[in-house]
K.L.:
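Please see the structure below; I have some questions.
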Amino acid sequence: MKTKKLINDGGKAVDEMLAGILAAHPRHLDAIPGSPRSIISRDGPRPGKVGLVIGGGSGHEPTFLGFVGKGLADAAAIGNVFASPPPDPILECAKAASGGAGVLFMYGNYAGDVMNFDMAAEMAAMDDIEVRTVLSTDDVASAPRSERHKRRGVAGNFFIFKAAGAACDRMLSFDECERLAKKANDHTFTMGVALSPCSLPQTRRPNFEIGADEMEIGMGIHGEPGVARGPLKSADEVTDEMLDRILEEMTPSRGDRVAVLVNSLGSTPLMELYIMNRRLSQRLADIGVGVHATWVGNYCTSLEMAGASITVHRLDGELQAMLDHPCDCAMFRAG
Amino acid sequence: MKTKKLINDGGKAVDEMLAGILAAHPRHLDAIPGSPRSIISRDGPRPGKVGLVIGGGSGHEPTFLGFVGKGLADAAAIGNVFASPPPDPILECAKAASGGAGVLFMYGNYAGDVMNFDMAAEMAAMDDIEVRTVLSTDDVASAPRSERHKRRGVAGNFFIFKAAGAACDRMLSFDECERLAKKANDHTFTMGVALSPCSLPQTRRPNFEIGADEMEIGMGIHGEPGVARGPLKSADEVTDEMLDRILEEMTPSRGDRVAVLVNSLGSTPLMELYIMNRRLSQRLADIGVGVHATWVGNYCTSLEMAGASITVHRLDGELQAMLDHPCDCAMFRAG
Amino acid sequence: MTTIDTARLAGMFTAIADAISTDKDRLCALDGVIGDADHGIAMELGFSAARDAVTALDAGATEPSTLLNMAAKSFLNAVGASSGPLYATAFMRGAAAVKGKTALDEADAVAMLQAMAKGIQDRGKAEVGEKTMIDAWAPAAEAAGEALAAGKGLAVSLEAAADAARTGAEATKTMIAAKGRASRLGERSLGHMDPGAASAVTVIDAIRKSLAE
Amino acid sequence: MTTIDTARLAGMFTAIADAISTDKDRLCALDGVIGDADHGIAMELGFSAARDAVTALDAGATEPSTLLNMAAKSFLNAVGASSGPLYATAFMRGAAAVKGKTALDEADAVAMLQAMAKGIQDRGKAEVGEKTMIDAWAPAAEAAGEALAAGKGLAVSLEAAADAARTGAEATKTMIAAKGRASRLGERSLGHMDPGAASAVTVIDAIRKSLAE
Ligand SMILES: Nc1ncnc2c1ncn2[C@@H]1O[C@H](COP(=O)(O)OP(=O)(O)O)[C@@H](O)[C@H]1O
Ligand SMILES: Nc1ncnc2c1ncn2[C@@H]1O[C@H](COP(=O)(O)OP(=O)(O)O)[C@@H](O)[C@H]1O
Ligand SMILES: [Mg+2]
Ligand SMILES: [Mg+2]
Ligand SMILES: [Mg+2]
Ligand SMILES: [Mg+2]
């Protein structure tokens with residue numbers, strides 16, 4: 001039996017979604033003429049500003065389009081479900097976002113995205129647009145600490161893109177924008193847990209199997225297997241397991257300040273996320289770490305997957321300033 | 001087999017959720033001391049302002065707490081999952097929200113809520129707080145047009161509370177606030193469709209049964225049966241069916257302006273909502289109705305139920321002013 | 001002749017709470033068909049809270065009406081929902097009916113039952129035939145009154161009440177709901193027992209068992 | 001001796017697209033185990049787009065290299081993902097290898113296959129043994145070259161390629177992934193065939209069938 005979805009034709013789901021997004025957010029977003037998978041901010045690119053281009057596969061909404069807006073990303077290239085966009089729409093984004101001061105490419109570290117964005121960067125260079133790339137690698141479950149550069153980018157994009165977008169909006173130099181983007185990534189740690197699968201609109205079949213009382217710690221946002229599968233535990237136990245892993249990496253000291261994101265992978269409701277946040281905030285308070293700001297909700301999803309992730313973004317003066325820098329994006333409030 | 005949830009003890013889920021909410025949104029929300037199920041805006045109640053108290057059962061997050069904030073509701077009383085709060089926490093909200101100019105009670109039209117809020121209103125009267133009640137009845141599926149007053153309140157609360165909150169924030173008279181609240185309700189029409197059930201944290205069993213290829217048009221946000229059950233149709237067909245029913249009630253003319261909300265009942269992802277919005281916006285454009293603003297996402301949920309609702313809020317000058325009036329609430333952007 | 005003191009009334013709440021706990025899943029399932037699937041949860045929560053509150057009282061130093069008011073308040077605050085105001089009003093009216101007494105005789109017990117039914121009706125404004133708990137409570141109160149008037153004694157009167165409640169609850173299957181959540185279903189509510197009427201049978205039968213020695 | 005003109009190459013894309021369509025569900029399922037369950041979708045999308053683009057060309061007025069470049073571009077733009085750049089690079093390199101020719105002889109066909117494998121390797125930087133499509137493509141290209149050098153003719157050479165691809169794909173089951181999505185699984189990728197290697201077998205076998213008369 002196929003899974004149920006409110007769609008028309010699975011093969012057209014992404015294009016129809018984009019049409020619906022543009023219809024919903026005309027004040028914020030527009031497609032680049034002739035390049036329907038390239039979405040640009042109505043109020044972002046401008047001369048002298050470093051351009052910020054983000055992108056990746058569909059199915060993670062409001063990532064990536066939610067991050068397009070003044071003070072955040074200038075443009076996003078949108079791929080098929082769970083598939084990197086090809087180079088062409090990325091290149092169009094780069095052209096549209098370029099203000100002559102260089103263009104940053106930022107996206108999650110996946111083989112497909114790296115190949116397509118790199119091809120686009122080569123093409124942009126031929127158009128005299130200098131591109132630099134900062135990959136997000138916040139998923140601590142996806143590789144050991146010694147190989148941080150191999151890790152996936154997941155919900156932590158929220159903080160990483162936010163910092164970079166603020167740096168660009170403040171008209172900082174290309175070097176500074178790149179430095180802050182990398183620093184934001186280095187300061188961001190995410191762990192996720194999945195309870196049940198999603199299904200692709202084209203197949204409408206669950207994209208992985210999991211026992212009726214099991215969870216998978218560290219599962220990727222495309223349903224890629226994680227670090228361990230085991231019986232479903234209580235919210236507090238799951239939160240502890242995720243936070244412990246994050247803290248082990250982050251090694252915070254008393255008095256440190258962080259921002260946190262408790263994110264639903266899709267169908268896990270706010271009730272459960274806030275129950276997790278209760279534990280998370282208690283644990284952070286216990287070790288003397290202050291929470292500057294908290295986001296709870298659907299920020300980086302896997303269609304209707306059940307599960308959640310916790311992201312901790314370690315702040316210092318400049319990262320806090322970037323986080324607090326105003327921005328105006330279509331789908332949520334982020335600053 | 002029980003459904004999977006990231007919770008600790010099902011009986012404590014609501015209180016633990018509230019603890020997590022307060023921890024996440026200290027700038028916006030606070031509990032009333034001694035009355036943990038009464039949440040008040042940090043920046044809302046003030047002398048001379050009509051107080052706005054909303055509330056209802058849990059499980060619909062971000063309704064109701066998301067609507068508490070400056071320019072919106074002053075306080076919300078929170079019940080158990082899908083259960084009206086008892087009179088005591090409502091009364092505490094009324095006291096805290098009262099600025100001496102009267103207090104509006106606004107909530108969805110359910111027998112349980114009516115009885116509890118009415119009891120609280122009687123108790124408030126004994127404390128010399130004048131209370132008036134405006135019920136939301138936007139669910140067109142739940143009673144014929146001739147019995148609009150019997151209809152349920154569902155996702156349309158978004159626009160109805162927004163208008164009332166703006167009226168109160170503008171320091172309008174009690175009469176005016178009440179009039180605008182009623183008018184906003186009269187101008188708001190919602191239709192929903194459900195694809196699969198949610199489960200209560202206390203039982204972790206699906207709260208209704210539905211065939212693997214069925215949908216239910218008009219299902220309530222607590223899983224109450226709707227107007228008809230049938231085979232799942234395409235997004236466009238479902239959108240048409242819902243919109244036709246709404247338009248039949250609203251009888252718009254060319255040149256009319258509306259605001260729309262495409263809402264997930266929980267696990268239906270943004271991709272599907274935006275696909276629906278594409279059709280919705282095309283249909284409205286075809287009949288010459290202008291869309292002033294669109295919201296798409298999880299605004300009034302039924303835990304992890306799959307399904308969606310469409311709300312159309314018919315604007316005129318003053319309702320548009322109320323909608324555009326700035327507000328600042330914890331969980332989403334609404335103005 | 002039976003007299004019922006405060007301790008017996010406290011025991012009555014334990015009996016109801018136990019019976020409802022056993023019945024919880026069935027009540028949620030019934031509510032899942034025409035409502036929101038939580039009726040068993042609400043009733044268990046309410047009667048556990050009432051039981052905990054009244055068993056914590058010093059029965060020797062407490063009047064029946066105080067106990068009933070305490071039960072009302074704790075039920076209401078634990079539950080809200082529809083059942084909260086309805087049962088809380090029931091117990092407050094029951095309390096009023098026995099105000100000033102230190103123990104209830106048979107007539108008092110039946111008067112309490114009748115006051116409870118009246119309280120539910122006043123609070124919810126439902127009439128018999130609208131597919132609510134009133135379809136069990138109203139005939140039950142009436143049957144108890146008639147039996148007692150016919151000189152039947154408390155045990156038999158409460159049996160008559162329980163029987164009438166059962167018949168009334170059964171009859172809700174043939175009704176179209178006109179009050180409460182299910183009232184939006186129209187004909188689709190036909191064929192299903194009202195969960196509030198079903199739980200009323202459980203409550204009334206537990207009252208019968210615990211008061212009729 | 002076989003010569004392959006532009007029309008034959010267009011036919012090759014139809015053959016690959018058909019074979020991949022048939023295989024789609026299996027490829028998605030394989031990708032579901034160690035990746036994101038979309039490999040069959042991406043491959044079908046890519047090869048349908050390539051087929052549509054190349055069959056729309058006027059074969060008589062088009063050189064093989066132009067057709068291959070067209071296939072590359074349309075595959076890439078339809079797909080993105082990992083398979084997009086990998087197969088697009090494969091076809092662009094194939095195009096470069098036969099640039100200027102109006103038809104391919106047997107050596108050209110094998111050179112094209114080898115250039116494709118090299119293109120995939122240059123683009124993805126994967127080595128044999130890292131559990132990717134390279135584990136099918138690299139031995140296939142090598143086997144075809146060896147067979148042709150040994151004077152075996154195109155049909156046998158392509159058979160050797162298909163056999164080597166099959167063996168290589170089979171071997172991915174015993175590998176721990178070091179490239180692509182599955183590289184984060186560590187030991188958990190053991191025991192499962194790489195979806196890209198599996199689809200490479202299908203592609204290479206379809207090439208064999210359509211080019212070896
Ligand atoms: N107005 C009313 N009068 C009497 N009983 C009512 C009324 N409204 C609802 N009920 C009863 O309440 C029951 C539902 O209770 P419950 O599930 O606890 O509350 P909710 O409907 O708030 O979820 C219904 O089955 C019905 O018997
Ligand atoms: N760097 C690489 N070099 C060669 N092949 C690769 C590389 N990365 C991934 N692949 C191949 O791509 C396949 C997955 O393709 P596909 O599912 O279409 O893309 P995605 O991983 O983006 O979803 C893998 O099974 C593997 O064979
Ligand atoms: Mg993919
Ligand atoms: Mg309820
Ligand atoms: Mg109920
Ligand atoms: Mg894949």
Side-chain angles (χ1 to χ4, degrees), chain A residues 1-2 4-9 13-14 16-21 23-25 58-59 61-62 81 193 195-196 198 201 212-213 215 232 234-236 238 262 266-282 291 294-298 301 303-304 306-308 331-333, chain B residues 1-2 4-9 13-14 16-21 23-25 58-59 61-62 81 193 195-196 198 201 212-213 215 232 234-236 238 262 266-282 291 294-298 301 303-304 306-308 331-333:
Chain A
M1 182 52 70
K2 302 233 167 183
K4 292 185 197 176
K5 286 185 182 289
L6 288 166
I7 58 175
N8 297 304
D9 171 348
V14 173
E16 292 189 351
M17 170 185 76
L18 285 181
I21 287 174
H25 307 297
S58 295
E61 292 71 31
V81 178
V193 60
L195 307 193
S196 66
C198 61
D213 53 1
M215 65 175 190
L232 178 62
S234 73
D236 284 359
V238 172
V262 184
S267 61
T268 290
L270 281 176
M271 180 174 287
E272 299 174 34
L273 302 181
Y274 278 115
I275 289 173
M276 294 176 73
N277 185 57
R278 165 187 153 278
R279 179 69 173 189
L280 179 61
S281 63
Q282 285 171 350
V291 176
T294 302
W295 283 265
V296 179
N298 292 37
T301 61
L303 295 169
E304 73 281 13
M331 300 182 196
F332 49 76
R333 200 176 57 189
Chain B
M1 185 51 70
K2 302 233 165 183
K4 292 185 199 176
K5 286 185 181 289
L6 287 165
I7 57 175
N8 297 304
D9 171 348
V14 173
E16 293 189 350
M17 170 185 76
L18 286 180
I21 287 175
H25 308 296
S58 295
E61 292 72 29
V81 178
V193 58
L195 307 193
S196 66
C198 61
D213 52 2
M215 65 176 188
L232 178 62
S234 73
D236 284 359
V238 172
V262 184
S267 60
T268 290
L270 281 176
M271 179 173 287
E272 299 173 34
L273 302 180
Y274 278 114
I275 288 173
M276 295 177 73
N277 184 59
R278 165 187 153 278
R279 179 71 172 191
L280 179 61
S281 64
Q282 285 171 351
V291 177
T294 303
W295 282 264
V296 179
N298 292 40
T301 62
L303 295 169
E304 74 280 13
M331 300 183 196
F332 49 76
R333 198 176 57 190

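Lettering of chains follows the sequences in order, A, B, ..., and the numbering in each one begins at 1.
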K.L.:
Do you know the tightest heavy-atom contact between A:M276 and A:A235?
P.N.:
CG-CB, 4.4 Å
K.L.:
Measure A:V81 against the heavy atoms of chain B and call it side chain, backbone, both or neither at under 4.5 Å.
P.N.:
side chain
K.L.:
How many angstroms lie between CG in A:N277 and CD in A:Q282, if you round to the nearest 0.5 Å?
P.N.:
9.5 Å
K.L.:
Between chain A and each of B:A24, B:P62, B:A23, B:A13, count heavy-atom pairs under 4.5 Å; write down the option with the most.
P.N.:
B:A24
K.L.:
So, the side chain of B:N8 versus the backbone of A:S234: is there a donor-acceptor pair under 3.5 Å, distance only?
P.N.:
no
K.L.:
Name the member of B:H25, B:E61, B:M271, B:K2 that forms the most heavy-atom pairs with chain A at distances under 4.5 Å.
P.N.:
B:M271
K.L.:
Need one label for B:L195: side chain, backbone, both or neither, based on atoms under 4.5 Å from any heavy atom in chain A.
P.N.:
both
K.L.:
By a 4.5 Å heavy-atom criterion (distance strictly below it), what part of A:N298 contacts chain B: side chain, backbone, both, or neither?
P.N.:
side chain
K.L.:
Heavy-atom cut-off 4.5 Å, strictly under: side chain, backbone, both or neither for A:T301 against chain B?
P.N.:
neither
K.L.:
Give, as side chain, backbone, both or neither, the part of A:P201 having an atom under 4.5 angstrom from any heavy atom of chain B.
P.N.:
side chain
K.L.:
Under the side chain to side chain contact (heavy atoms under 4.5 Å, CB included) rule, what do B:M331 and B:I21 come out as? Steps first, then yes or no, please.
P.N.:
CA-CA 10 Å; B:M331 300 183 196; B:I21 287 175; 4.0 Å; yes
K.L.:
Roughly how far, to the nearest 0.5 Å, is CD1 of B:I275 from CG of B:L280?
P.N.:
13.5 Å
K.L.:
Given the options A:K5, A:E304, A:M215, A:R279, which has more heavy-atom pairs under 4.5 Å with chain B than any of the others?
P.N.:
A:K5
K.L.:
Go through B:V296, B:D236, B:V14, B:T268 and name the one with the most non-hydrogen pairs under 4.5 angstrom from chain A.
P.N.:
B:D236
K.L.:
With a 4.5 angstrom heavy-atom cut-off, could you sort out which part of A:V291 is near chain B: side chain, backbone, both or neither?
P.N.:
neither
K.L.:
Report the distance from atom OG of A:S58 to atom CE of A:M17, rounding to the nearest 0.5 Å.
P.N.:
4.0 Å
K.L.:
Checking heavy atoms, do the side chain of A:I7, its backbone, both or neither come under 4.5 Å from chain B?
P.N.:
both
K.L.:
Below 4.5 Å, heavy-atom pairs only: which of B:S196, B:A212, B:G307, B:S267 has the largest tally toward chain A?
P.N.:
B:A212
K.L.:
Counting only heavy atoms closer than 4.5 Å, note whether A:A306 contacts chain B via side chain, backbone, both or neither.
P.N.:
neither
